[in-house]
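Just so it is clear, the structure is predicted and the values come from calculations on it, not from any experiment. Below, chain A is the first sequence line, B the second, and so on; all start at residue 1.
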Number of protein chains: 2
Amino acid sequence: MFKGQIEQIRRFNRVVTLHVGALEDSYLQRGRPLSEARLLHEIRDNTDVRTLRERLKLDSGHISRLLRSLKAQGLVRTTADPSDGRVRRVALTPGGLNERATYEALSDELAMSFLRPLEPHQRDRLVDAMAEVERLLRAGAVEVRLEPPASAAAQWCLEQYFAELSARFEVGFDPSRSNPASPEEMTPPSGFFLVAWLDGAPQGCGALKISDGGSGEVKRMWTAPTARGLGIGRRMLRSLEAMAREAGLTRLRLETNRALNEAQTLYRSEGYQEVAPFNAEPYAHHWFEKKL
Amino acid sequence: MFKGQIEQIRRFNRVVTLHVGALEDSYLQRGRPLSEARLLHEIRDNTDVRTLRERLKLDSGHISRLLRSLKAQGLVRTTADPSDGRVRRVALTPGGLNERATYEALSDELAMSFLRPLEPHQRDRLVDAMAEVERLLRAGAVEVRLEPPASAAAQWCLEQYFAELSARFEVGFDPSRSNPASPEEMTPPSGFFLVAWLDGAPQGCGALKISDGGSGEVKRMWTAPTARGLGIGRRMLRSLEAMAREAGLTRLRLETNRALNEAQTLYRSEGYQEVAPFNAEPYAHHWFEKKL
DNA sequence: AACATTCTCTGACTTTAGTCAGATATTCGC
DNA sequence: GCGAATATCTGACTAAAGTCAGAGAATGTT
């Protein structure tokens, strides 16, 4: 069924690993174990050890030894965190900065080696195609999960959402004047709050508030600006619909402001039909409904 | 200068290694060291050890031990090469075939995992973009080298070239009726023979035959069908021109058959102009010339 | 036939990577 | 203030990867 596509992807994987794998060789040529080089590469100004451990998925003993070795080479310096004496913060010495710059240059050089043999228009096509692959792989890695509305991730999304509404609506936005959706209303069984995750960070949200009579309201649909174009909104909406169906709902409703035209396009393309206003939301210009 | 492009490529590299790197994890989950799994994967019917060593770039001691381990697991069988008692040939047992099929399935599964979360049109775009990246990376890896016309690679290219002409010309092709280009005429200082290489295999050729009066003739321009679209013909032609300039030539000439329209397109786009016939080549319909 | 070369295998290493059970110091929750 | 939890470090490992010198058999060269 996906036979040809799978073959193409596997061909891609082979060719790309061959090319990209060359980076490890060039890193190794600096005469340092790969894990030390990678660690050095991850240390920005004053990173704490625990963050490094999570990012590189290394055993605490392992990372401790690697840091000891980098320290012996005079590349890093560790200090205790001023606010929590248990955690150690790592910073690069001037020599370490230098060394990291060298690794950066090697990465740049690898990228250049892809471009150099090509003609200008081929280069453009390569870079465009790479951007597309990257975008779609990232889109595939997005995960939509149920989250308590009071969680830090949910709160962060809501803050961003309100900030954006206030910037985009002609009249600004004041949550207290808008129809509310309280944390309880977005917590099972009264409703749901979903967060889209990518690389461990929230990228968008969406909520469902269950009303009487087998009907539900879609609220708080938002996608982080850096993650737009990945189809997060659509996935969010479909996830909400799936949960609504599971909860036995037969109709979904939502309202939106005329400034949010990409949202309207999404709703229409997902089968929502414009209906007469069904509430008095002061910021809404359009009301939609979909039978499940 | 290429700043933005380099950044995009590095972003691509990061995202792709993250995704493609998952293959190693899934290979490891079969409880076998990665190098054994990779080796198993490379063994087709009756491969000899030396080929495996070259392909995987492993130390002979290392590969010997890996094979011993695979043999102990009942996955491979080795026999002496019938024609050369020093080399050993390796073949998969039924169990080995089975095991390799399992690894293949894991690779397919990884590819599927890229597609599954995407919508149909996103899938198409991902696969197209991957094809483009693969194509252009491969194109960049093509190497054009001077080769003696009598070498095995050159001879292979010429055979393929003649076979293709005989298939594509309406009247077939008989080298002995065509204007000749002898090995001596394509060997410095009388001329040059270039071969384009990719992954250790010849992919195309082109020759320059130096005539009197600062003039040269381009001959034997051919690209393997599997390598078309990588710009090999263009690179070949430009390489020949560069060598012609170095040899002090001021004019290049060539003739071609009307069946080879992609060749004509190439010549015109590289600045060759059609001129009156300058020789009596019986298979030619168009004659071209370019001032260097 | 003698010698060099090629191919594979063996033994004896070293280096990396990764794991696991505590030891130690600090902070949090009550 | 005290026990639980957290963050890091140390020691003691194992497994995997990779290196190197040389042995042994077959083949090529003169």
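Between B:A207 and B:M186, the shortest heavy-atom distance links the atoms CB-SD, 3.5 Å. Minimum interatomic distance between A:L106 and A:S26 (heavy atoms only, all atoms of both residues): CD1-O, 3.4 Å.
Counting atom types as modelled, B:S60 pairs no side-chain N or O with a base atom of C:dC7 as donor and acceptor under 3.5 Å. In terms of polar N and O atoms assigned as donor or acceptor, the side chain of B:R65 never comes within less than 3.5 Å of the base of D:dG18 in a complementary pairing.
Here A:E132 contributes atom CD and B:L126 contributes atom CG; the two are 8.0 Å apart, rounded to the nearest 0.5 Å. A:L137 contributes atom CG, which lies 9.0 Å from atom OG of B:S113 (distance to the nearest 0.5 angstrom).
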Inset, instruction - Report the C-alpha separation of A:Q73 and A:E36 in whole Å, then their side-chain angles, then the decisive distance to 0.1 Å, and conclude whether the side-chain hydrogen bond (donor to acceptor under 3.5 Å, both in side chains) test is met. - result: CA-CA 11 Å; A:Q73 294 169 57; A:E36 279 184 23; 2.9 Å; yes
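Salt bridge absent: A:E185 and A:K219 never bring a charged side-chain N and a carboxylate O closer than 4.0 Å.
Closest approach to the A:L34 side chain among D:dT8, C:dA17, D:dG18 is made by C:dA17 (side chain taken as heavy atoms from C-beta onward). Checking D:dA16, D:dA7, C:dG18 against the side-chain heavy atoms of A:R50 singles out D:dA7 as nearest. Each of D:dC9, C:dG18, D:dT10 was ranked by its minimum atom distance to the side chain of A:R88; first place goes to D:dC9.
In this structure, the CZ atom of B:R53 is 14 Å from the P atom of D:dT19, given to the nearest Å. Per the geometry, CD belonging to A:Q29 stands 15 Å off P belonging to D:dG18, to the nearest Å. Between A:L39 atom CG and C:dA17 atom C1' there is a gap of 14 Å when expressed in whole angstrom units. The CD1 atom of A:I63 sits 13 Å away from the P atom of C:dT19 (whole-angstrom rounding). Here C:dT16 presents its P atom at 14 Å from CD of A:E24, a figure rounded to the nearest Å. In this structure, CG of A:D25 is placed 10 Å from P of D:dG18, rounded to the nearest angstrom. Atom CG of B:L28 and atom C1' of D:dT14 are 15 Å apart (whole Å). Rounded to a whole Å, the CG atom of B:L66 is 14 Å from the C1' atom of D:dT19.
Heavy-atom nearest nucleotides on DNA chain C were determined for B:D59 and for A:L58, and the one closer to the 5' end corresponds to B:D59. Each of A:R32 and B:T51 was matched to the nucleotide of DNA chain C holding its nearest heavy atom; the match closer to the 5' end belongs to B:T51.
Using the six-membered ring where Trp is involved, B:W156 and B:W222 have ring planes that are perpendicular, over 60° apart on the 30 and 60° scheme.
For residues 69-87 of chain B, proximity to DNA chain C is found at B:R86, B:V87, defined as any non-hydrogen atom under 4.0 angstrom from a strand atom.
For the OP1/OP2 pair of C:dA17 and a distance below 4.0 Å, the side-chain nitrogens and oxygens of A:S35 include at least one atom meeting the criterion.
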